[in-house]
Amino acid sequence: MFELIDTFIDTTLQGLGVLGPIVGCFFIVIESMIPILPLFVFITLNFLAFGNIWGFIISWVFTCIGCFISFLLFRKKVQTWLFKRIKKRGLISEHTIDVITNLKFEQFATIIAIPFTPAFLVNIVAGLSKMSYKKYIGALLIGKMFLVYFWGFVGVSLIESIKNPIYLVRVLVLLLIAYVISRVVNKKFKIE
């Protein structure tokens, strides 16, 4: 069964050729705006198609581009309209926006870096807040580095685990550590 899965992945990657990574990059950008797509799959495809270094760079750049586009949409087009509706219904307060705006740079970068933090939600909240562009872009570039590396490592390791089960154990340990860190940060910053 594991050999069939490995063969399927290899065949799919070879069958798509150059279009596979291009489609993967497009979906990485779209995933930042539409959260139902599995980001880790597209990052894994880029790592497998381009190797660890180029796969990382391409995935990181396109993830940052997608997040920034999402941020800009909420900052420029939706902020005032949506904020008025949310505030009118009591779903968000000025205090909440101030807390988000006043997050320290390190705190915001850490939130972005946590693999299980929904990027779409972070982009919306940052776009609605009064956070500076410099702070958002800096935290985004730093935080997404860790996130892309994490998902690239996990994805490639899962494919390798088909051949060698010890990789699966390593991935599970890494996922457990990431989950524990995300829970601690989630409680500390109350990001519910």
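Being a predicted model, the structure only gives us computed values, none of them experimental.
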Of I58, V61, I65, L39, which meets side-chain contact (heavy atoms from CB on, under 4.5 Å) against I28?
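When side-chain contact (heavy atoms from CB on, under 4.5 Å) is applied between I28 and each of I58, V61, I65, L39, only L39 qualifies.
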
Ring centroids only, cut at 6.0 angstrom: are F26 and F62 within range, meaning strictly under it?
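Not under 6.0 Å, so no.
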
Can you list the residues that meet the ring pair (Phe, Tyr, Trp, His ring centres under 6.0 Å) rule with F120, with sequence neighbours excluded?
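For F120, no residue satisfies ring pair (Phe, Tyr, Trp, His ring centres under 6.0 Å) once neighbours in sequence are set aside.
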
Taking only residues two or more places apart in sequence or in another chain, which ones pass ring pair (Phe, Tyr, Trp, His ring centres under 6.0 Å) with F105?
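Testing F105 for ring pair (Phe, Tyr, Trp, His ring centres under 6.0 Å), a comparison that skips the adjacent residues, returns none.
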
Any side-chain heavy atom of N46 sitting closer than 4.5 Å to one from F56?
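No, too far: nothing below the 4.5 Å cut-off.
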
Show which side-chain atoms of residues 135-148 pair as donor or acceptor with protein atoms under 3.5 Å away, not counting sequence neighbours.
unit_1: K135; atom_1: NZ; unit_2: T101; atom_2: O; d: 2.9
unit_1: K135; atom_1: NZ; unit_2: L103; atom_2: O; d: 2.2
unit_1: Y136; atom_1: OH; unit_2: C67; atom_2: O; d: 3.2
unit_1: Y136; atom_1: OH; unit_2: N123; atom_2: OD1; d: 2.7

Gap separating the CZ atom of F71 from the CE atom of M131, nearest 0.5 angstrom:
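Rounded to the nearest 0.5 Å, the CZ-CE separation comes out at 7.5 Å.
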
Any chance you could measure L72, atom CG, to Y133, atom OH, to the nearest 0.5 Å?
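Nearest 0.5 Å value for the CG-OH distance: 5.5 Å.
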
Is there a donor-acceptor pair under 3.5 Å between the side chain of R75 and the backbone N or O of S129?
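It does hold such a pair.
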
Is it the case that the side chain of T63 and the backbone of S59 share a donor-acceptor pair, with hydrogens and angles ignored and the cut-off at 3.5 Å?
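The answer is yes, because a donor-acceptor pair under 3.5 Å joins these two groups.
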
